[in-house]
2 protein chains.
Amino acid sequence: MSMSEKEFLQNYNARDYDAPLMSVDMAIFSVLAGRLQVLLIQRANFPRKGEWALPGGFINLVSDQTLLATAHRKLFEKTGIASPYLEQVATIGNATRDPRGWSVTALYFALIDFKAFQQQESQLLEHCEWIDVEKARVMPLAFDHHELLEAAIERLINKTRYTALPVSLLPALFTLTELQHIYEIILGQSLDKKAFRRRMIEAGAVIETGQSKVVGKRPAQLYRFNAASFDFTFPRSLELPKTQNENVSP
Amino acid sequence: MSMSEKEFLQNYNARDYDAPLMSVDMAIFSVLAGRLQVLLIQRANFPRKGEWALPGGFINLVSDQTLLATAHRKLFEKTGIASPYLEQVATIGNATRDPRGWSVTALYFALIDFKAFQQQESQLLEHCEWIDVEKARVMPLAFDHHELLEAAIERLINKTRYTALPVSLLPALFTLTELQHIYEIILGQSLDKKAFRRRMIEAGAVIETGQSKVVGKRPAQLYRFNAASFDFTFPRSLELPKTQNENVSP
DNA sequence: CGAATAGTGTCTTTCAGACAGTATGAC
DNA sequence: GTCATACTGTCTGAAAGACACTATTCG
């Protein structure tokens, strides 16, 4: 007896098969007080109630049209931000990461300007807090969120070496000194001012606006990101800091 | 009334909740006859029965311990290869990609030495074939596998520009001329011999073995990949070919 | 004026591209 | 010897690093 695809689909019910749990987790980064911060929540529900974790949740099969839409929804629920930089980092799945059963999570990372962040009233039941990344990476976190956080940090650092990604941590207009500071915070290394400015300007990653802003003494030019180069990559990576005293001779 | 995590888990049944379909798809690349090839299957079952697709399937919640293990199992079932280069490309999920319902797939890409490939007897019911990548990317493919294939190809080309990844398409010992040919096939551009050899050797990506191999006239040194630099990246990307006649003046 | 921050001039270093040259072995 | 393939020498050029320099504003 042969069957058509239509007949097959009429008889098919996804609930007849076991499927893993499928969630989305978010590593939301921002810079505050000269430090890279990540948004963590304190879980309000079982499992791992009370423990710190990356924000996340399940796909709403009715209202979410895509996995990316789920990530956008989660981010908006937590931060009130609708147009952040958002990128998938990795998808981790195994039988042991969640006590409820075989579980898969898609990890996204987001970069936001801290000033655009707004605590969402609808989320007050779940305590959420910006935590210094260096502190977060040594805190005990629920599930395998320590590994997820490390993967997101590694991606951020890597892309900072060869893209203009960190502009997404600043408002639309910024000075090159501000941008350089963000790079230095992420990379944990100081950068040469001239080389940094030359790289950004000559590659066309940022555009002078003609406006200026007074922060300290002399007013500084305001730049904006060149949207035309959103997935631009520099031809070379920023060099690693010279590690002194490697293989010191006695 | 308060509840412990143990009680919560005793009352929890994943099947009480709707979950998306979760699958793993594979873009398995190899080089044959001087061309990049991808392994495609002709679907033996509904939906999309008879159409060409990337090999893939569902997680076996009992025997697969991790998502990566599912990818390894799929690869082994198709090719008999147990230790390939295997990397996750992306995870795509939406409500419309599979007629059976909300579906998520984790896409992996694998690079294998064609000579290590063996048709698996257990897989004979599902016709599988190596297809020239340039042909595969214009063939009609089931589901959204055209997009998945494009994503895998893009990742392969990008990583070829700044890593030694293509060594995984060759046997353990290879000549630098062979490796350069692989690079040229993937990038679709010719590379300078001196620059290529200098880059590979000076960065320590490959190691001279002292053995040699006669292919044409003069015997060539055999090299092996330096496993110590598995996630090594070159400080610069290979340059794009000079596009002539861009903005030709009249 | 000095202090502080913004921004530049210019030399060096690193590493890829170009391309002509030499080396080795089959015939 | 010739031919084909393997391999090298060396110049150029692009872009990053180093660091001293000038410019602008506040007080």
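Proteins get letters first, then strands, A, B, ... in listed order; numbering begins at 1 in each.
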Salt bridge (Lys or Arg N to Asp or Glu O under 4.0 Å) contacts touching residues 170-188 of chain B (sequence neighbours left out):
B/Glu178-B/Lys213
Check: C/dA16 base within 3.5 Å donor-acceptor of B/Arg236 side chain
no
Identify, between B/Glu239 and B/Gln221, the residue whose nearest nucleotide on DNA chain D lies closer to the 5' end.
B/Gln221
Name every residue in residues 173-211 of chain A that has at least one heavy atom under 4.0 Å from any atom of DNA chain C, in order of residue number, or write none if there are no such residues.
A/Thr177, A/Lys193, A/Lys194, A/Arg197, A/Arg198
Hits for side chain to side chain donor-acceptor pair (under 3.5 Å) against A/Ser30, two or more places apart or cross-chain, chain-then-number order -> none
Check A/Glu202 with A/Arg199, please: is the shortest side-chain N to carboxylate O separation under 4.0 Å?
no
Mind calculating the distance between NZ (B/Lys213) and P (C/dG25) to the nearest angstrom?
17 Å
Is it true that the side chains of A/Thr163 and A/Thr233 contain a donor and an acceptor less than 3.5 Å apart?
no
Integer-rounded Å distance: D/dA16 P and A/Tyr162 OH
15 Å
So, B/Lys159 and B/Glu87, do they make that salt bridge, N to O below 4.0 Å?
yes
Step by step, work out the side-chain contact (heavy atoms from CB on, under 4.5 Å) result for A/Arg197 and A/Thr177.
CA-CA 9 Å; A/Arg197 303 170 80 91; A/Thr177 304; 3.8 Å; yes
Distances under 3.5 Å between nitrogen or oxygen atoms of protein and nucleotides 24-27 of chain D:
from   : atom 1 : to       : atom 2 : distance (Å)
D/dT24 : O4'    : A/Arg218 : NE     : 3.4

To the nearest 10 degrees, the angle between the two end axes of the helix from C/dC1-D/dG27 to C/dC27-D/dG1 (five pairs per end) comes to 10°
Less than 3.5 Å apart, any donor N or O on the side chain of B/His127 or B/Glu129 sitting next to an acceptor on the other?
yes
Would you call the rings of B/Phe232 and B/Phe234 parallel, tilted or perpendicular if under 30° counts as parallel and over 60° as perpendicular?
perpendicular
Between A/Arg155 and A/Phe109, what is the shortest heavy-atom contact and its length?
CG-CE2, 3.5 Å
Tell me every residue that passes salt bridge (Lys or Arg N to Asp or Glu O under 4.0 Å) with B/Arg198, counting only those two or more places apart in sequence or in another chain.
none
